[in-house]
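The structure displayed is predicted, hence computed values, not measured ones.
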Amino acid sequence: MSEQGDNCSDQLALEQQERREFRSYVWGIGLALLLTLVPFALVHWVGIPRVPLLIVIGAFALVQMLVHFRFFLHIGFKQKREDLQLILFSTLLLTIMVAGTIWIMASLALRMTMPASP
Amino acid sequence: MSIAAVSTGPFLGRLSLDSLPFWQMLQHPTENNIINGCIATGAASMVVIGAIVTIALLTKYRKWGVLWSEWLTSPDHKKIGIMYVVIAFVMLARALIEAALMRGQQAFGLGGGFLSPDHFAQLFSTHGTIMIFFMAMPFLTGIINYVMPMQIGARDVSFPVLNSISLGLTAAGAALVMISLVIGKFSTGGWFGYPPYTEANFSPGVGPDYWIWSLSLASLGSTFTGINFAVTIYKERAPGMKLMRLPMFTWTALCTAILMIFAMPPLTVATAQLALDRYLGFHYFTNALGGNMMHFANLFWLFGHPEVYILILPAFGVYSEVISTFSGKVLYGYRSLVAATMAIGVLSFTVWLHHFFTMGQSANINAVFGIASMLIGIPTGVKIYDWMLTMFRGRVRFTVPMVYSLGFIPLFVLGGMSGILLANPTVDYQVHNTVFLVAHFHNVAVPGVLFGMLAAYHFWFPKAFGFRLNERWGIFSALCWIFGFMLAFFPLYALGIMGLPRRTVAYTEPSYVPLEWVAFLGALLILAALAGLLVQLWVSIKHRDENRVFAGDPWDGRSLEWSMSAPPPEYNFAVIPVVRGRDAFTMAKEEGVAFQPPDAYENIELPQNSAMGPVIAAIGFALAFGLVWHIWWMVILFFVAAVATMIVRGFARDTTRIVTAGEVRQEHRRWLGAVAAATAISRAQEREPANAGLAVHESDGVVP
Amino acid sequence: MSQEVMKHPGLNLGPTHGKDNEAAERMMFGFWVFMMSDAILFGMVFATYVTSIHATAGGPGPHDLYDIKSAFIETMLLLTSSFAFGMASLALKYKHSKTRLIGWLAVTLVLGVSFLGFELHDLITMFAKGGVPTRSGYLSAFFDLVPLHGLHVTAACIWLVCLAGQIARYGLDTKTKLGIMRLALFWHFLDIVWIAIFSVVYLAGLT
């Protein structure tokens with residue numbers, strides 16, 4: 001008799017968990033939609049000066065990536081240590097490599113541009 | 001302008017008689033053409049004869065079945081490791097001959113020499129490409145493959161079939177480089193193939209394409225290897241094997257794996273973009289229409305610098321193991337060594353610009369990268385002190401691995417110091433692209449990487465094959481390497497400052513000649529060293545029965561790989577050990593629990609053999625060959641085959657097999673019986689035939 | 001019920017899946033590491049693009065070639081496909097009917113293929129306007145980045161079809177489940193890369 005009761009409560013817990021995870025996906029797509037619509041709208045309809053607009057686009061993109069990580073990929077702080085280390089390390093390297101490349105190529109563009117040729 | 005339009009026909013692409021090494025010589029028999037043609041044909045013949053002899057021997061002794069079922073399709077990390085090292089030795093032999101040819105050319109190079117500039121350019125390109133991608137990488141991959149899973153108490157790597165595929169891809173790349181000796185020519189653009197020289201309009205031939213595709217195959221293999229090693233070390237460790245209890249070699253293997261994972265992508269992008277430029281007329285690196293050659297340099301060195309740390313870190317790990325074992329002392333400063341390794345790993349991604357200080361970016365950028373390059377010398381210095389302090393007050397035995405390590409320490413420090421000199425942009429401007437640079441990187445690569453790999457080969461050979469290598473020939477070879485290296489490369493420091501540029505086929509300055517001759521002598525001594533290694537192997541195999549070490553611990557080892565028979569059983573451990581500290585095997589020996597039979601044996605699940613490795617190797621080779629020679633039907637066919645193979649593999653289900661508890665018990669008891677029957681020998685006798693693989697354990701530094 | 005430590009990124013099967021849950025840890029971690037190396041690959045192609053934007057060599061530039069409406073539609077298609085795969089993942093984890101799982105996978109596939117269709121149409125339109133990769137360094141860089149992502153999506157779609165085949169042949173055994181979980185990771189990863197593409201390429205290009 002108690003076994004049946006356990007099964008019932010297990011079943012209930014499972015259903016609750018599923019609802020929670022379902023809601024995670026709903027939140028995810030909701031936030032992502034919002035974070036997509038705003039920059040698209042700004043670019044298409046609103047006339048904001050270029051540099052601030054670029055910063056806004058970049059910020060919204062980064063936040064949306066985090067939304068995907070959290071709500072679709074279920075990556076949070078309850079992760080195994082190596083998973084978090086991997087993401088942080090990858091982010092660090094990506095930043096160094098991309099920022100370094102842009103810094104170097106910009107300097108070269110400034111100092112080494114040849115006169116325009118077709 | 002793309003070269004896709006040029007072809008000799010739909011079936012053979014741009015293959016023609018002109019692709020044969022002797023054709024030019026026959027068409028235009030000038031003296032120079034004949035000399036170069038003969039050398040080229042000689043080299044091609046060696047490849048062809050080597051292949052024929054191998055096939056003949058395999059057929060004569062009926063070993064095809066064994067080759068296929070025991071080796072090529074094996075998912076066993078030990079077999080895969082051995083095959084990697086075999087590739088490395090074959091490619092080492094070729095690249096050393098090329099080096100000797102180049103040194104010979106430069107010895108006679110005042111006003112001309114005997115090699116044509118084109119031939120010389122191919123030689124330095126293949127020498128560099130082979131040494132880095134097809135000698136050093138396979139060597140270290142093989143050693144890590146063999147040793148690391150045993151050191152962490154695992155039965156295999158996380159993804160055994162992927163391991164086999166990685167080997168196949170590397171072998172395919174090596175085969176492509178070898179075939180370039182027979183058909184067509186290799187790139188003349190050096191091992192890093194800078195555009196615009198390697199673009200289609202300046203190098204329309206097959207050379208750069210050989211380079212691009214052999215690198216692509218090898219780097220894909222290395223990416224998968226890096227993933228495999230990293231996941232293995234994180235997920236397959238035995239119970240109790242915490243990260244801070246890992247042997248130092250495994251720590252460096254972890255760091256190397258991480259570097260492989262993150263450093264290969266920039267190379268993939270650079271070579272892919274160069275291929276798009278050459279094949280489809282894109283403009284990534286061209287001179288005109290918005291291309292920018294500096295993109296290539298930047299991308300390549302984003303790969304290239306971490307790559308050299310991929311090469312050296314495993315060697316550092318080997319030295320840690322060898323020095324502590326043959327000093328009979330625990331490794332000094334374990335924590336500092338771990339921290340230094342991690343620091344080197346991260347910093348290696350912050351210094352890449354020092355490979356192109358002179359290419360036009362601002363002094364500020366140069367300064368930042370210069371300082372970072374100097375900083376990276378600090379953790380390496382920490383390691384050197386740790387190794388010296390390990391030897392201090394230990395009982396050092398001058399075995400072959402130790403001789404290599406002792407040669408390594410002073411020579412590598414010199415090489416590192418020349419690196420610190422070069423890290424200063426103002427100095428680099430003076431010596432960039434001279435042979436001073438060539439001296440520096442050989443000074444760190446040869447005593448660093450190569451000596452480490454040779455030390456590893458001698459150290460773990462008895463474990464892998466069950467008998468020791470001949471000591472005399474080993475010492476002979478090591479001494480030839482040490483003195484040969486010094487003679488071959490120290491003159492280059494002076495020559496560089498005297499103004500000799502790198503990659504120069506000939507020169508007009510007579511004062512170079514004596515130094516060039518000393519360097520040539522060094523090259524000959526190195527060839528003697530290579531010969532010594534081959535003789536050593538021959539002699540060792542001949543006398544293997546007298547030198548068997550089946551009990552498995554010939555050197556009084558400290559880590560878990562020594563706690564098994566030599567060679568180990570397929571599944572490594574009969575029972576997965578529980579680890580309670582660093583130097584796990586030493587701990588077990590000191591507590592008297594090293595050779596205990598377990599209470600019970602269990603069935604062991606192992607992966608089944610898989611043809612994926614050799615199949616991917618064949619497809620990879622054919623795809624690359626088709627791409628090089630513009631044989632488009634071949635490209636399409638084998639691309640489809642590659643996709644189909646992956647899909648079919650996805651449907652594979654029955655991929656494991658069982659080794660029964662009974663079999664495990666039998667093998668284990670056999671080994672324990674051998675241990676009981678063996679006489680334990682002291683350190684003084686470890687190089688004699690009396691060494692059956694059982695050591696009298698000495699507490700650190702104490703003589704029994 | 002307390003949330004235990006997640007064994008790996010992505011949706012964890014949880015203890016109700018027994019030994020499949022154990023097997024997932026190494027496989028998913030390994031695949032995640034592979035995704036990180038792919039991320040670096042994309043990062044380098046992005047860096048090439050960003051540093052090549054001005055290399056138009058007198059040819060057409062972003063304002064001449066990009067269509068914001070099309071980019072928006074593609075974004076919506078990919079985003080909803082990610083949601084659809086999430087629903088498929090839930091169907092897998094909570095052991096709903098195979099029909100439900102395959103249904104959601106089919107929705108994902110349709111959305112993914114539609115994305116590819118729109119993208120192909122975009123590229124052909126660009127060709128017609130002279131936006132060919134052989135025209136300039138900027139265009140070469142564009143044609144490395146966007147079609148690279150498109151090729152990844154194509155591979156993901158093919159993989160999805162293969163997995164459907166595996167479900168049909170073997171049912172939901174361990175290997176099939178792990179395949180679906182890896183594809184889920186891959187699919188979400190591709191959507192994340194697309195966020196970067198529509199921001200850095202299309203939106204930034206059209207400001």
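- Shown here for C:Y170 and B:F651, the closest heavy-atom pair between the two residues is OH-O, 2.8 Å.
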(Q) Before you tell me yes or no, could you show the steps for B:N292 and C:T51 under side-chain contact (heavy atoms from CB on, under 4.5 Å), namely the whole-Å CA-CA distance, both residues' side-chain angles and the distance that decides it to 0.1 Å? (A) CA-CA 10 Å; B:N292 187 342; C:T51 49; over 6 Å; no
**Q.** Step-by-step side-chain contact (heavy atoms from CB on, under 4.5 Å) determination, B:I261 to C:I40
**A.** CA-CA 9 Å; B:I261 294 162; C:I40 304 281; over 6 Å; no
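- C:T134 and B:L280 get closest at one heavy-atom pair: CG2-O, 3.1 Å.
- C:I158 touches chain B through its side chain: at least one heavy atom from C-beta onward sits under 4.5 Å away, while N, CA, C and O do not.
- Chain C forms more heavy-atom pairs under 4.5 Å with one residue of B:S158, B:A272, B:A230 than with any other, namely B:S158.
- Of the possible polar contacts, none joining the C:Y138 side chain to the B:G290 backbone as a donor-acceptor pair under 3.5 Å is found.
- Contact between B:P265 and C:S37 at its shortest, heavy atoms only, is CG-O, 3.3 Å.
- For B:F159, the part lying under 4.5 angstrom from a heavy atom of chain C is the side chain only.
- Other residues, nucleotides and ligands place more than 12 heavy atoms under 6.0 Å from the OH atom of B:Y194.
- Within a 6.0 Å sphere centred on NZ of B:K242, heavy atoms belonging to other residues, nucleotides or ligands number 12 at most.
- If you measure heavy-atom distances from C:T174 to chain B, you find no contacts under 4.5 Å at all.
- With a 4.5 angstrom heavy-atom cutoff, B:T232 does not touch chain C via any of its atoms.
- The aromatic rings of C:F29 and B:Y234 sit perpendicular to each other, their planes meeting at more than 60°, with 30° as the lower class boundary.
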Q | Residue pair C:D144, B:F282: steps toward the side-chain contact (heavy atoms from CB on, under 4.5 Å) verdict | A | CA-CA 10 Å; C:D144 195 357; B:F282 282 39; over 6 Å; no
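- Proximity to chain B (any heavy atom under 4.5 Å) is shown, for C:F34, by both the backbone and the side chain.
- Note that the CG atom of B:L276 and the OG atom of C:S140 stand 8.0 Å from one another [nearest 0.5 Å].
- Across every non-hydrogen atom of B:I647 and C:C162, the tightest pair is CG2-SG, 3.5 Å.
- Looking at C:T56, there are no atoms closer than 4.5 Å to chain B (heavy atoms on both sides), in backbone or side chain.
- Between C:M28 atom CE and B:K235 atom NZ the span is 11.5 Å, to the nearest 0.5 Å.
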Q: Give the C-alpha distance, both sets of side-chain angles, the deciding distance and a yes or no for side-chain contact (heavy atoms from CB on, under 4.5 Å) between B:R653 and C:T176.
A: CA-CA 9 Å; B:R653 279 302 180 270; C:T176 313; 2.8 Å; yes
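- Judged purely by atom type and a 3.5 angstrom limit, C:Q166 uses its side chain to pair as donor or acceptor with the backbone of B:G650.
- Within the 4.5 angstrom heavy-atom criterion, only side-chain atoms of C:D173, from C-beta onward, approach chain B.
- Environment of CD in B:E602: sparse, with no more than 12 heavy atoms of neighbouring residues, nucleotides or ligands closer than 6.0 Å.
- Atoms CG and CE, on B:N298 and C:M44 in that order, are 7.5 Å from each other to the nearest 0.5 Å.
- For C:F118, the CZ atom sits in a loose shell: 12 or fewer heavy atoms of surrounding residues, nucleotides or ligands are nearer than 6.0 Å.
- For chain C, the nearby part of B:L302 is the side chain; its heavy atoms alone come within less than 4.5 Å.
- Contact tally against chain B (heavy-atom pairs below 4.5 Å) for C:P133, C:A55, C:S52: the top residue is C:P133.
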